[in-house]
Amino acid sequence: MIELSPHLERHRPAHDAFEWLLNCPGKVHREVKHRRTVEVEIGGRRFFIKAHRGCGWWEVLKDWIRGRAPIVSARSEWEAIERARALGIETLRVAGKGERGRWPAAVESFVVTEALEGMITLEDLTRTWGGLSGRRQVLFKRALLTKVARIARLLHGAGLNHRDFYLCHLLVRDRDWERWQPGASSADALDLVLIDLHRVQMRHRVPTRWLLKDLAALLFSALDCGLTTRDLLRFLQEYRQRPWREVLATEGRFWRRVSSRAGRLYAGFHGRPAPSRHLA
């Protein structure tokens, strides 16, 4: 199976487009075991190709023994992208996909996504909040919190968990933030893009332990952003679409577990205790 966008169809070789995309030369961003991510230019446009080679039965068995679904194909990523888009979550745009092979250990596949130009991660943006201060920074925080909470709510409400749900995997178009104003104008819109969906799990309902992992990862990645307890309660309210007092009254134990896990992640990663202003 192979599907290509009109642009890739125009620039593909006459023979064996599958092999061409599986081995396309370019700037390698990541290469681990049987997976490779490469940045390429095709017909004057930039793309990222994630190519999966056959991983072998040992890799499949190791994941099964650990109780994890093995990732043996790029199919999981393009299906997650399609599902996220159907939910109204902005994410990568697929320009090509392909898969061949019958057995899980021998499947070869790829997904081609359009490169995102002029973007900044929320991890980088929230280090200084775009240089904004005072009331404008407060409004900026609120706007971003609302957007992030919406993405988390849509994702989890549809039975999807990301498994790498950090601020570095949420992007927004960069700009002169000093000129940003709260409002709905197209120039000031904060349209977030969720990326790195290759590990997304899709079910009818997200199990509690995976929900906990996603939310703890998100909180962990935000603990150095200078968020206040009020900011986090605002997120809670937006995420659950209920007053935060009601949420904590009925789900307090769960959110304490989220906070505790985020704190452990922070201490393990940074070698120091987490900032105190988080949900305790």
Output field: ring centroids [X]/[Y] closer than 6.0 Å:
X	Y	result
Phe140	Trp177	yes
Phe47	His11	no
Phe110	His52	no

Do [X] and [Y] sit within salt-bridge range, that is, some charged N less than 4.0 Å from a carboxylate O?
X	Y	result
Glu251	Arg242	yes
Glu77	Lys50	yes
Arg46	Glu114	no

Test item: [X] side-chain N/O and [Y] main-chain N/O as donor-acceptor pair under 3.5 Å:
X	Y	value
His29	Arg36	no
Asp214	Asn161	no
Arg173	Glu117	yes
Ser5	Gly96	no
Glu123	Leu167	no
Thr126	Trp129	no

Does a sphere of radius 6.0 Å around CZ in Arg127 hold more than 12 heavy atoms from other residues, nucleotides or ligands, not counting ones at 6.0 Å or beyond?
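More than 12 heavy atoms, drawn from other residues, nucleotides or ligands, come within 6.0 Å of this atom.
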
Does CZ in Arg272 sit with more than 12 non-hydrogen atoms of other residues, nucleotides or ligands closer than 6.0 Å?
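Yes, CZ of Arg272 has more than 12 neighbouring heavy atoms, counting only those of other groups under 6.0 Å.
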
Answer yes or no: is there a side-chain heavy-atom contact under 4.5 Å between [X] and [Y]?
X	Y	value
Arg85	Glu90	yes
Lys97	Glu82	yes
Leu192	Leu122	yes
Leu4	Leu21	yes
Leu145	Asp231	yes
Ile49	Thr37	no
Asp164	Leu197	no
Leu236	Leu233	yes

Does Leu144 form a side-chain contact (heavy atoms from CB on, under 4.5 Å) with Leu125? I'd like the steps, not just the answer.
CA-CA 11 Å; Leu144 284 174; Leu125 179 59; 4.1 Å; yes

Which atoms form the tightest heavy-atom contact between [X] and [Y], and what is the distance?
X	Y	value
Ala84	Thr91	CB-CG2, 4.2 Å
Ala95	Leu8	O-CD1, 3.3 Å
Ala143	Leu190	CB-CD1, 3.6 Å
Glu238	Ala149	CB-CB, 3.5 Å

[X] and [Y]: side-chain donor and acceptor closer than 3.5 Å?
X	Y	answer
Arg203	Gln201	yes
Asp224	Tyr266	yes
Ser260	Arg264	yes

Between His169 and His162, does the side-chain contact (heavy atoms from CB on, under 4.5 Å) criterion hold? Intermediate values first, please.
CA-CA 10 Å; His169 292 147; His162 190 279; 4.0 Å; yes

Does the pair Leu215 and Tyr239 meet the rule for a side-chain contact (heavy atoms from CB on, under 4.5 Å), with working shown?
CA-CA 11 Å; Leu215 292 167; Tyr239 176 73; 3.9 Å; yes

Mind running side-chain contact (heavy atoms from CB on, under 4.5 Å) on Leu160 and His156 for me, showing each step along the way?
CA-CA 5 Å; Leu160 280 66; His156 295 154; over 6 Å; no

